[in-house]
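Since we're looking at a predicted model, the values are computed, not measured. Just so you know, these numbers use all the heavy atoms, side chains as well, and skip hydrogens, waters and symmetry mates. Naming: A, B, ... by sequence-line order, numbering from 1 per chain.
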Protein chains: 2
Amino acid sequence: MGNQNEGGAKGLKEGIREFMETAPAIYMPGLSVDTVIFGFHNDKLKVFLLRFANTPYFILPGGFIKKEENLDDAALRILQERTGLQDIYLEQFYTSGNTSRSKETVAKEELQKIIGKAQWSNWFDQRFVSVCYYALIDDTKVKPETEIFFTEFKWFDVNKLPKLMYDHDLIIKKALSRLQSDLDEKLVGFNLMSETFTMGQLQKLYEAVHQKKFVRTNFQRKLLSLNVLERLEKQYTGKAHKAPFLYRFVTGENE
Amino acid sequence: MGNQNEGGAKGLKEGIREFMETAPAIYMPGLSVDTVIFGFHNDKLKVFLLRFANTPYFILPGGFIKKEENLDDAALRILQERTGLQDIYLEQFYTSGNTSRSKETVAKEELQKIIGKAQWSNWFDQRFVSVCYYALIDDTKVKPETEIFFTEFKWFDVNKLPKLMYDHDLIIKKALSRLQSDLDEKLVGFNLMSETFTMGQLQKLYEAVHQKKFVRTNFQRKLLSLNVLERLEKQYTGKAHKAPFLYRFVTGENE
DNA sequence: CTATATTGTATCACTTTGATACAATAATAA
DNA sequence: TTATTATTGTATCAAAGTGATACAATATAG
């Protein structure tokens, strides 16, 4: 991180120039992938965002699709590059393709501040259609690294997002809406938790995703009735109250 | 329809050649739109398909995205071109982007039979990522027209599909699955019906989409409890039994 | 005028859900 | 050691929703 900051605008400019010159030979034109990475800590649902170069704007982790690369593989590759994680739960949920999304935003403006109006900037002048995925990760395992384009990474509360580029605020809204459905229908929640958890922690997760409170006893009854939780031993929490059970998600065929 | 058949292979070949020459200047490269058009007749859920040129294969109505055209607008334009309808319920549900989808299929082979391996054939040699929409239409209003690429249009029972090109069988499956969710959650069903309908007709629609039977009395109770149906006068059906009520869907704010 | 097919409504048992009560217990405070 | 505190696990009751069945109503066919 330090050396990139010291490298400063010049290194960044050179990096962008090099990227733009090589990109057209490697990637599909006009197509990108954006990922909404959800995590869960401090009882809050978080989204992982990158600061775009040295602007005040944040951006979803994204990238381009190689000419002979499957869409899902591209999304996975981009996620792995950003988070260092190998096994990631991924779900395609939307493809954003309004022409205004590239124009009305600050992206180009900010880029031009950095690199000037050089003729090789036309990779980013393109109109892009972006295929969007959401990812669920156990955030305790993330090892993100900054790089030339993205000088800072940060988890944001899904309700307290920073200034975002393009239509990324809309995309996050759609991702959340889809996550809410999937949480109930496909029980994807465990991807956001560590291997074992208490019923209280699980309830906090559901409350963070659905953005509303549940009655504790009914929530417990409901989730136990789904037969997807395996009850383990009691947890020694060190808290001044009855120790809760630990649970683990089990997929239908696992038993 | 007649003149195109008489025009035969030569007219087709010229048409395709002309399309391929002009396409790169008009459309985004490597991107297409496919639409799964659902209709409902004879108590069956139907899908509208086009015969690809003079091959034995059928294909989803699709097209390309103009360089400065919004994705949704492209889908709507393509639908209007195929069906002649103006107001169409459209829902984006999936983007298909495996590299194999273009390769493993018969499309290229069939095309080459028609046009040979001309150098200008490379528009269709591209790898395509396809943004998929489903549409719900009152099929009594469709006025489709054949054209140079598509020599026949036909409604197919969703359970009795013909040979399909690319991964269009998979796309139809995904569309159906999404329609099933949306039917309950967003009550999109009325887009498949005429303005007024009986409870029996509505039940047939739900049974066709969900591919299972419902108990008549419970279905009626359930749908009436949603408060989205306005009861009109009795229908004079000419059938030898009690005349059923007619209903109309009303959106929440309409009243 | 009767038979037939189908519709509209009611009802009963059963399940699910919302709300509340209460006993159990791990750590802490006295 | 014992009482207190916070939270957990389980039970229970009423209300709402669902599956299954019964039955009266009625538009046409014969």
Side-chain angles (χ1 to χ4, degrees), chain A residues 40 42-44 180-181 183-185 187 189-190 193-250, chain B residues 40 42-44 180-181 183-187 189-190 193-194 196-250:
Chain A
F40 179 66
N42 285 67
D43 298 345
K44 299 263 172 57
Q180 287 171 341
S181 315
L183 191 67
D184 297 326
E185 282 168 34
L187 302 172
F190 69 95
M193 314 275 288
S194 45
E195 175 74 11
T196 62
F197 46 85
T198 67
M199 195 55 80
Q201 292 168 332
L202 189 61
Q203 183 175 348
K204 288 284 172 35
L205 169 63
Y206 273 70
E207 291 179 341
V209 172
H210 284 299
Q211 317 225 42
K212 68 172 182 183
K213 297 279 176 192
F214 296 100
V215 175
R216 180 183 61 89
T217 53
N218 296 338
F219 177 84
Q220 175 144 342
R221 180 178 58 189
K222 178 68 182 167
L223 266 95
L224 289 177
S225 78
L226 297 176
N227 290 319
V228 294
L229 294 181
E230 183 190 1
R231 179 177 281 187
L232 308 174
E233 78 283 7
K234 288 256 179 185
Q235 182 189 37
Y236 178 80
T237 58
K239 293 288 176 60
H241 55 73
K242 187 173 176 179
F245 285 108
L246 283 174
Y247 294 90
R248 171 162 47 206
F249 269 98
V250 287
Chain B
F40 179 66
N42 286 70
D43 298 345
K44 299 264 172 58
Q180 287 171 341
S181 316
L183 191 67
D184 297 326
E185 282 168 34
K186 303 190 198 166
L187 302 172
F190 69 95
M193 314 275 289
S194 45
T196 62
F197 46 85
T198 67
M199 195 55 80
Q201 292 168 332
L202 188 61
Q203 182 175 349
K204 288 283 173 34
L205 169 62
Y206 272 70
E207 290 178 341
V209 171
H210 284 299
Q211 317 226 40
K212 67 172 183 184
K213 296 280 177 191
F214 296 100
V215 175
R216 180 183 62 87
T217 53
N218 296 338
F219 177 84
Q220 175 144 343
R221 180 179 57 189
K222 178 69 182 167
L223 267 95
L224 288 178
S225 77
L226 298 176
N227 291 318
V228 294
L229 295 181
E230 183 190 1
R231 179 177 281 188
L232 307 173
E233 77 282 8
K234 289 253 178 188
Q235 182 188 37
Y236 179 79
T237 57
K239 292 290 177 58
H241 55 74
K242 188 173 177 178
F245 284 107
L246 283 175
Y247 293 91
R248 173 163 47 207
F249 269 98
V250 286

Between the protein and nucleotides 10-15 of chain C, list the N/O to N/O atom pairs that are separated by less than 3.5 angstrom.
none

Original post:
How long is the line joining CG of Leu246(B) and C1' of dT7(C), in whole Å?
Top reply: 13 Å
Original post:
Among dT20(C), dT10(D), dA22(D), which is the nearest nucleotide to the side chain of Arg231(A)?
Top reply: dT10(D)
Original post:
What's the spacing between Met199(B) CE and Leu246(B) CG if we round to 0.5 Å?
Top reply: 11.0 Å
Original post:
Nearest heavy-atom pair of Ser225(B) and Lys222(B): which atoms, and what distance?
Top reply: OG-O, 2.7 Å
**OP:** Look at the aromatic rings of Phe214(B) and His210(B) and report parallel, tilted or perpendicular, splitting at 30° and 60°.
**Re:** perpendicular
Original post:
Separation of Leu223(B) atom CG from dT9(C) atom C1', in whole Å?
Top reply: 16 Å
Subject >> Tyr206(B) and Phe219(B) aromatic ring geometry - parallel, tilted or perpendicular at 30°/60° bounds >> reply: perpendicular
Original post:
Do you know which two heavy atoms are closest between Pro244(A) and Thr198(A), and how far apart they sit?
Top reply: CG-CG2, 3.7 Å
**OP:** Grab the NZ-P distance between Lys213(B) and dA20(D) for me, whole Å please.
**Re:** 15 Å
Subject >> Side-chain N,O (Lys239(A)) to OP1/OP2 (dA6(D)) below 4.0 Å >> reply: no
Subject >> Gap between atoms CG and P, on Leu224(A) and dT16(C) respectively (whole Å) >> reply: 14 Å
Original post:
To the nearest 0.5 Å, how far apart are CZ in Phe245(A) and CG in Leu229(A)?
Top reply: 13.0 Å
What N/O pairs connect the protein and nucleotides 2-5 of chain C at under 3.5 Å? Give each pair on its own line.
unit_1	atom_1	unit_2	atom_2	d
dT4(C)	O2	Ala240(B)	O	3.4

Subject >> Phe245(B) vs Lys222(A), nearer the 5' end of DNA chain C by closest nucleotide >> reply: Phe245(B)
**OP:** Round to a whole Å and report the spacing from CZ of Arg216(B) to P of dT18(D).
**Re:** 18 Å
Subject >> Closest non-hydrogen atom pair, Gln180(B) against Gln211(B) >> reply: NE2-CG, 4.2 Å
Original post:
Phosphate oxygens OP1/OP2 of dT8(D): is one of them under 4.0 Å from a side-chain N or O of Gln220(A)?
Top reply: no
Original post:
To the nearest 0.5 Å, how far apart are CZ in Arg231(A) and OG1 in Thr196(A)?
Top reply: 14.0 Å
Subject >> Closest non-hydrogen atom pair between Gln220(A) and Tyr247(A), with its separation >> reply: NE2-OH, 4.3 Å
Original post:
Whole Å only: how far is the CD atom of Gln203(B) from the P atom of dG19(D)?
Top reply: 13 Å
**OP:** Report the distance from atom CG of Leu226(B) to atom C1' of dG17(D), rounded to the nearest whole Å.
**Re:** 12 Å
Original post:
Atom CG of Asp43(B) and atom P of dT6(C): how far apart are they, to the nearest Å?
Top reply: 12 Å
